[in-house]
Amino acid sequence: MRSRLRRLVLGATALFTAASALPAAAATTDQRAEQHPSRDGMSAVIRYTEYGIPHILAKNYADLGFGTGWAQAADEVCTLADGFVTLRGERSRYFGADAPAGGDLSAARTNLASDLYFRGVRESRTVEKLLAERAPVGPSREVRNMMRGWAAGYNAWLKQKKVTDPACAGASWVRPVTELDVAARGLAIASISGEGRFVETITAAQPPAQGTAASGARSARTPGAKAVAKAADELWGDPGMGSNAVAFRGDTTANGRGLLLGNPHYPWDGGRRFWQSQQTIPGELNVSGGSLLGTPAISIGFNAHVAWSHTVSTGIPANFHQLTLDPADPTTYLVDGRPERMRKRTVTVAVKDGAPVTRTQWWTRYGPVVTSLSPQVPLPWTGKTAYALNDPNAANLRFADTSLGFSKARSTGDVLASLDRHQGIPWVNTIAADRAGHSLYTQSQVLPRITDELAGRCSTELGRTTYPASGIAILDGSRGDCALGSDPGAVVPGIFGPARMPTLKNAPYAENSNGTAWMTNADRPLTGYERIFGTVGTQLGLRTRGAIEDVAAMADRGGLTVADLQRQQFANRVPAGDLAAGDVARACAALPGGTATGSDGKAVDVSAACGVLKAWDRTMDTGSRGALLFDRFWRRLEQAVPADRLWKVPFSATDPVRTPTTLNTDAPGFPTALADAVAELRGAGIGLDAPLGAHQFVVRDGQRLPVPGGAGRLGVWNVIEPTWDAAAGGYTEVPFGSSHLQAVGWDGSHCPVARTLLTYSQSSNPKSPHFADQTRLFSGEKWVTSRFCEKDILSSPKLKVVRVREPR
């Protein structure tokens, strides 16, 4: 039986290989077939190996998309279908207007707000207009075919298979999709950090009532720098998107070839999950990695020559324009003294068990009118002033082409070339390494073209506070000379061209943990970029500090292999613990009578905590005793002690990795935080020396799996962010953290040396055999050996071959 199966696979591979080796005339015929499929329809061969990882083999890009859509539906049909309901603006119709929207594709709090926004996008035909653009502004023929194929594959699965996932089995909202739906999902992902953050205020903004407009109302107050920094952290410091990645140059490795460790941090449930696959068109494309659900290309991955990963950047992907309004009409604004009427976007949304809701949104040449930067920073629409949001990623369908360029790259230079040509990366950095030994970091992303010169010349009074403090630009929208302009080489006006991007080539290591480009390598700091990209010379986060300490030491040691990357991923070192736990234990032991007063005024016996913290091994391994106590203490300490009083030795830009240091245990909030942490654990019935894994966990198939790792605020590389619920007795199941892990290198063969792990497993369907298998591996800090080359795929003891095709 096994021999017969291998013959079948080899026959299919030979068929596809022969098709890819056609002469030029036949290749032209094949290109026509991409646009006009035969009557046999689309098809692909999917070879499944261990852990349900599909290796998709196809003759062309349409068929590749078909196989990808089919396989994604098989694993994640309910999650995908829920996202398409969002994109069609139909959540209120099926789930109720006031129900939570979920947050997968925007920050909308309610279904109604989500529907009003996405329905408006659809009715404005934004996606259709972008699809009609020639590449590189619009998607290439290859990506169009992949999107079309993905939709056909998803639909074929729906027609041929039965939904078993209880999340949507039998649901009327699980419906076929079109290429437009797939493209709309790509656009929503691109703009999730821009317009997607402001859905609530975009859909709620209304002109002032009569009388209010006539009087001019009150003017917007200018908030302080602290309020602005807090607002920026809430908007663009979202813990829902993070990551680590490091690339090592060849002279630091055992064989002179590059190494890459990618560790994105993402939600474990819902539409932001990664999904793992290999995509192959013989002679054209061969790439393995993780795709964001609903997208046809590999988002983070590797091939025989290069590997790449992404980390959420510090760049601010949107800006604001303050409008000067016509005194007679608050829906008309002035540019160089000439009036322009706002465009009304009137949207009607169907509502479950209720009448349809109709609302009007207001749009300008800059973008939609908004009325707040955050709850703490209002942007009132008065009779004199309004504010418009500019998000260049709201017209960016170039992400898939950029990723496809990475998939076909043969070097880090090709990765840069794809970034330069397509300019489609919306809100992340790119870190890459190749088999020739090159390393790369670049913050090549789509940002509004806000130069420091433009901000200095055109910032409003509020903008003069927000831009230096947070990189959020608020420009004078009444002046034509404050337009964003165009950079040489920019694909579209109003964004930075490739030459402006902070980039570090061929450093011994290039590391990013969501910090600024400045400290990508401590010995080769990057400077000279505009403030909107991030800061220079400012205090680093503990995760960045810890990561640089670790990877710099690895590079100095040299002789690195993929096994070293694997060890780094699961070292679970706690930089905050290394810096402070000893001081905490000593200060604890010095407390009079071994007691401290909590925030509720009650005395707490903390004496037992002193020994626990002293003995703690400073890791967040599942068996670590004291890790949970330090975790809860540190969170309380950050709340009780202002950041500028937390350390005795302040930050120094000349020693950014080692400062600030020496915990200020004399701060009045220190004993309070310790008392509160001890009382909190005891109140939840948790021992102070309880092993971390007993209380940081997920439940899969009725089994409680301990989860290693810890909070980013502690500096832990392997980020895990559980949710504390005192009433439920401590941490609930882990909802967020390390996701699609990859440790990649090369040897003398044509096959990359790769270890991967999808922490939450391939399927969210509890009835799937691949609902928890990789999660068990993650719990035990184990990896999957990648099967990239044909010999490795064919030798899998779990090999299962499925030929999928369009139904006739």
Check your understanding: Taking the six-membered ring for Trp, are Phe274 and Tyr266 parallel (under 30°), tilted (30 to 60°) or perpendicular (over 60°)?
Key ->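 Ring orientation, 0 to 90° scale: tilted.
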
Only counting residues at least two apart or in another chain, list the ones meeting side-chain contact (heavy atoms from CB on, under 4.5 Å) with [X].
X      : result
Thr402 : Phe406, Ser418, Leu419, His422, Ile425
Ala205 : Val369, Thr371, Trp381
Gln539 : Phe651, Pro660
Arg365 : Tyr333, Val335, Glu340

Heavy-atom closest pair, residues [X] and [Y]:
X      : Y      : result
Thr520 : Leu504 : CG2-CD2, 3.7 Å
Leu292 : Arg272 : CD2-O, 4.1 Å
Leu389 : Ala318 : CD1-CB, 3.7 Å
Thr314 : Asn514 : CG2-O, 3.5 Å
Pro493 : Ser486 : CA-OG, 3.9 Å
Val719 : Glu721 : CG1-CG, 3.8 Å

Spell out, as yes or no, whether a donor-acceptor pair under 3.5 Å connects the side chain of [X] to the backbone of [Y].
X      : Y      : value
Ser444 : Met501 : no
Asn396 : Gly424 : yes
Thr252 : Arg249 : yes
Trp308 : Ser299 : yes
Arg457 : Asp481 : yes
Glu123 : Gly120 : no
Thr203 : Val199 : yes

Polar side chain donor-acceptor pair, [X] to [Y], under 3.5 angstrom:
X      : Y      : answer
Ser191 : Asn393 : no
Thr311 : Asn429 : yes
Asp452 : Tyr467 : yes
His265 : Ser243 : no

**Study point:** CZ (Arg658) with more than 12 external heavy atoms under 6.0 Å
**Key:**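 For Arg658, atom CZ is not crowded (no more than 12 foreign heavy atoms under 6.0 Å).
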
Review point. More than 12 non-hydrogen atoms from neighbouring residues, nucleotides or ligands closer than 6.0 Å to CZ on Arg524, yes or no?
Key: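 Enclosed: over 12 neighbouring heavy atoms sit under 6.0 Å from CZ of Arg524.
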
Could you measure the distance from the [atom1] atom of [X] to the [atom2] atom of [Y]? Nearest 0.5 Å is fine.
X      : Y      : atom1 : atom2 : value
Glu530 : Ile450 : CD    : CD1   : 10.0 Å
Ser403 : Ile298 : OG    : CD1   : 9.0 Å
Arg449 : Arg500 : CZ    : CZ    : 5.5 Å
Asn319 : Asn390 : CG    : CG    : 4.5 Å

**Study point:** Residue pair Asp487, Ile495: steps toward the side chain to side chain contact (heavy atoms under 4.5 Å, CB included) verdict
**Key:** CA-CA 7 Å; Asp487 261 2; Ile495 67 172; over 6 Å; no

Check your understanding: Considering only heavy atoms from C-beta outward, does the side chain of Gln445 approach that of Ser313 to under 4.5 Å?
Key ->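 Result yes, sub-4.5 Å side-chain heavy-atom pair found.
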
**Study point:** Close side-chain approach of Val446 to Arg398, heavy-atom, < 4.5 Å
**Key:** yes

Practice item. Give the intermediate values and the outcome of side chain to side chain contact (heavy atoms under 4.5 Å, CB included) for residues Leu416 and Lys505. Key: CA-CA 10 Å; Leu416 266 179; Lys505 300 178 185 178; 3.4 Å; yes

Practice item. Give the C-alpha distance, both sets of side-chain angles, the deciding distance and a yes or no for side chain to side chain contact (heavy atoms under 4.5 Å, CB included) between Asp414 and Asp434. Key: CA-CA 10 Å; Asp414 289 346; Asp434 64 28; over 6 Å; no

Practice item. Please check if the distance between the ring centroids of Phe320 and Phe198 is under 6.0 Å. Key: yes

**Study point:** side chain to side chain contact (heavy atoms under 4.5 Å, CB included) between Met342 and Leu323, intermediate numbers included
**Key:** CA-CA 11 Å; Met342 296 178 186; Leu323 309 177; 4.0 Å; yes

Practice item. Mind running side chain to side chain donor-acceptor pair (under 3.5 Å) on Asp550 and Trp717 for me, showing each step along the way? Key: CA-CA 10 Å; Asp550 290 350; Trp717 175 286; over 6 Å; no

**Study point:** With sequence neighbours excluded, residues passing side-chain hydrogen bond (donor to acceptor under 3.5 Å, both in side chains) with Ser309
**Key:**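 Expected list: none.
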
**Study point:** Residues Asp391 and Arg197 bridged, charged N to O under 4.0 Å
**Key:** no

Check your understanding: Looking at Arg421 and Asp401, does any basic side-chain N land under 4.0 Å from a carboxylate oxygen?
Key -> no

Review point. Name the one of Glu195, Gln361, Glu200, Arg345 that satisfies side-chain hydrogen bond (donor to acceptor under 3.5 Å, both in side chains) with Tyr117?
Key: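 Exactly one pass, corresponding to Glu195.
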
Point to revise | Pairs meeting criterion ring-ring contact (aromatic ring centres under 6.0 Å, His included) with involvement of residues 481-529, two or more places apart | key: Phe496-Phe533

